Visitor: 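Have a look at this one before I ask anything.
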Amino acid sequence: MSTDTHEPAAHYDRVMAAWQLLLGDELHYGVFEHGDEPLDVGTAALTSRMIDAADLRPGLRVLDVGCGSGAPARTIAAGFGVEVVGITTSAVGVDTARARTAEAAVGAVTFEQRDGTDNGFDDASFDRVWVMESAHLMRDKDALVAECARVLRPGGRMVLCDLVGHREIGFAEVRERRADFAVLREAFGDAHFASLEGFAALASAHGLDVDRSDDLTSATLPTFDRWRANADAHRDEVVALIGAAGHDAFVRSCDLLEAFWRDGTFGYGLVSATKAPARSSVS
Ligand SMILES: C[S@@+](CC[C@H](N)C(=O)[O-])C[C@H]1O[C@@H](n2cnc3c(N)ncnc32)[C@H](O)[C@@H]1O
């Protein structure tokens, strides 16, 4: 078992309660169409973008890879009549998601501790695979997308949104800015960004037909202001959960990421892709 607290499962075990105060129930960025919306409106808008791309219909079976506290899973199960299986490598995440779902009395939603890069489900056992802001926590993105494609039924869809890299960061820059990258690692755990084009290329390589590739960088930028405001408003509770160093690393990370968003280094994107429908047999 890993003793590295930056490894995503250990990191999410540690930060889950604090994240609910800092990020809200939905553990992802917001899309701010007007710029002045509160955080929960922005995070719901990003979930809506994923819903649009996923083309959800009652009775479909959805795999949610990296389910967080289960908020998106509950939203789509309650709103669209889909069955959702959420997975995460974090044991605390599974417990939290199960407890919240029982409280909300949402049916057809279950959670399991599994790894998105080796999920163990049967081939062709889901109609949709939903990967919401978890891919950056998986170093092996080829394995992630291969698994998504494998478990999709013919005609099924993968939708993925995440932080993306807009340019290569050379070794010299990594070395020069190692203190900044250490702060980001402290706040968000081990992360590895792919480009939007990289995700699309992986989907194509695994036999999926990419039909959407949206750059959401400027629409997600106000997220950092909202997170800083939450860090300020909930400082004492957050310090009690992850310590003053954890709180301060989060605030400093908001500043660093905002600067990276503005200078074109990092950003946010959404990709969707379809698995070819089964061929009807011709006699
Ligand atoms: C930023 S949170 C997003 C949570 C949720 N999708 C949401 O939007 O509210 C990232 C999630 O990915 C999970 N995760 C990290 N690595 C994973 C892996 N290899 N397999 C499955 N889940 C993983 C984390 O435990 C966490 O639940």
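The structure presented is a predicted model; accordingly, all values stated were derived computationally and were not measured. Whatever order the structure lists them in is the order used to number ligands and atoms, beginning at 1.
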Visitor: Could you check atom 12 (O) of ligand 1 against the protein and tell me its nearest heavy-atom contact, residue, atom and distance included?
Guide: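 Going atom by atom, the protein heavy atom closest to atom 12 (O) of ligand 1 ends up being Ser134 CB, 3.3 Å.
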Visitor: Heavy-atom contacts with Met138 under 4.0 Å: which atoms of ligand 1 show up? List them by number with element.
Guide: 17 (C), 18 (C), 19 (N), 20 (N)
Visitor: Is the shortest distance from a heavy atom of Ala71 to ligand 1 less than 4.0 Å?
Guide: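 Judged by the 4.0 Å heavy-atom criterion, Ala71 does not count as contacting ligand 1.
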Visitor: Are any of the heavy atoms in Pro72 under 4.0 Å away from ligand 1?
Guide: yes
Visitor: Show which atoms of ligand 1 fall inside a sub-4.0 Å distance from at least one heavy-atom site of Ser90.
Guide: 25 (O)
Visitor: For atom 9 (O) of ligand 1, what is the nearest protein heavy atom, given as residue, atom name and distance?
Guide: Leu27 N, 2.9 Å
Visitor: Do Arg114 and Thr89 have side-chain N/O donor and acceptor atoms under 3.5 Å apart?
Guide: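 Side-chain D/A pair, Arg114 to Thr89: absent.
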Visitor: Between the candidates Asp25, Thr89, Asn119, which shows the shortest non-hydrogen contact distance to atom 14 (N) of ligand 1?
Guide: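 Answer by nearest heavy atom: Thr89.
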Visitor: Fit a plane to each ring of Phe188 and Phe250, take the angle between them on a 0 to 90° scale, and name the class: parallel (under 30°), tilted (30 to 60°) or perpendicular (over 60°).
Guide: tilted
Visitor: Consider every N or O of Pro8 and every N or O of ligand 1, then say whether any pair is closer than 3.5 Å.
Guide: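 Not met; the criterion fails.
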Visitor: May I ask whether Val109 and Met132 are part of the same hydrophobic cluster, defined by side-chain heavy atoms of I, L, V, M, F, W, Y residues being less than 4.5 angstrom apart, directly or through others?
Guide: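 Hydrophobic grouping puts Val109 with Met132.
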Visitor: Which residue is it: Lys275, Arg61, Arg153, Arg57? I am looking for the one with a salt bridge (Lys or Arg N to Asp or Glu O under 4.0 Å) to Asp127.
Guide: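 Checked Lys275, Arg61, Arg153, Arg57 against Asp127; only one passes salt bridge (Lys or Arg N to Asp or Glu O under 4.0 Å): Arg153.
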Visitor: Between ligand 1 and Thr88, is the shortest N or O to N or O distance under 3.5 Å?
Guide: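 Such a contact does occur with ligand 1.
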Visitor: Are the side chain of Lys141 and the backbone of Ala194 linked by a donor-acceptor contact shorter than 3.5 Å?
Guide: no
Visitor: With a distance cut-off below 6.0 Å to the six-membered ring centre and an angular limit of 45° from the axis, does Arg167 pair with Phe266 as a cation-pi contact?
Guide: no
Visitor: Quick one: does Asp115 get a heavy atom under 4.0 Å from ligand 1?
Guide: yes
Visitor: Check whether the ring centres of Phe224 and Tyr29 lie less than 6.0 Å apart, and answer yes or no.
Guide: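 Yes, the ring centres sit under 6.0 Å apart.
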Visitor: Is it true that a side-chain atom of His28 and a backbone atom of Thr43 form a donor plus acceptor pair closer than 3.5 Å?
Guide: yes
Visitor: Name the option, out of Tyr12, Phe188, Trp19, that contains the heavy atom nearest to atom 1 (C) of ligand 1.
Guide: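 Among Tyr12, Phe188, Trp19, the closest heavy atom to atom 1 (C) of ligand 1 comes from Tyr12.
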Visitor: For Asp55, does its backbone N or O pair with a side-chain atom of Arg157 as donor and acceptor, under 3.5 Å?
Guide: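 Between the backbone of Asp55 and the side chain of Arg157 there is no qualifying donor-acceptor contact (under 3.5 Å).
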Visitor: Check whether any N or O atom of Asp64, backbone or side chain, sits under 3.5 Å from an N or O atom of ligand 1, and answer yes or no.
Guide: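 Between Asp64 and ligand 1, no N or O pair is found under 3.5 Å apart.
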Visitor: With only distance considered, is Gly66 within less than 3.5 Å of ligand 1 through an N or O on each side?
Guide: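 Min N/O separation from ligand 1 is below 3.5 Å for Gly66.
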Visitor: List every atom of ligand 1 that sits less than 4.0 Å from any heavy atom of Cys67, numbering the atoms from 1 in the order shown and giving each element.
Guide: 4 (C), 5 (C)
Visitor: Only heavy atoms count here, so choose which of Leu144, Leu23, Leu137 is nearest to atom 15 (C) of ligand 1.
Guide: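 The option holding the nearest heavy atom is Leu137.
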Visitor: Compute whether any side-chain donor of one residue and acceptor of the other, for Glu147 and Thr117, lie under 3.5 angstrom apart.
Guide: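 No, no side-chain donor-acceptor contact under 3.5 Å.
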Visitor: On a heavy-atom basis, I'd like to know which of His11, Glu133, Met16, His28 is closest to atom 7 (C) of ligand 1.
Guide: His28
Visitor: So, is Gly68 polar-close to ligand 1, with some N/O to N/O distance under 3.5 Å?
Guide: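 Checking ligand 1 against Gly68, an N or O pair does fall under 3.5 Å apart.
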Visitor: Tell me the contacting part of Met132 for ligand 1: side chain, backbone, both, or neither, using a 4.0 Å heavy-atom threshold, strictly below.
Guide: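 Within the 4.0 Å criterion, Met132 contacts ligand 1 through backbone and side-chain atoms alike.
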Visitor: Within a distance under 4.0 Å of any heavy atom of Gly116, pick out the atoms of ligand 1 and give their elements.
Guide: 18 (C), 19 (N), 20 (N), 21 (C)
Visitor: May I ask whether Arg114 has any heavy atom positioned less than 4.0 angstrom from an atom of ligand 1?
Guide: yes
Visitor: Quiz question: by atom type and distance under 3.5 Å, do the side chains of His11 and Ser90 form a donor-acceptor pair?
Guide: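 Not at all, the side chains of His11 and Ser90 share no donor-acceptor pair under 3.5 Å.
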Visitor: Taking only Lys NZ, Arg NE, NH1 and NH2, and the carboxylate oxygens of Asp or Glu, determine whether Arg252 and Glu186 approach each other closer than 4.0 Å.
Guide: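 Here Arg252 does not pair with Glu186 in a salt bridge, since their nearest N and O are not under 4.0 Å apart.
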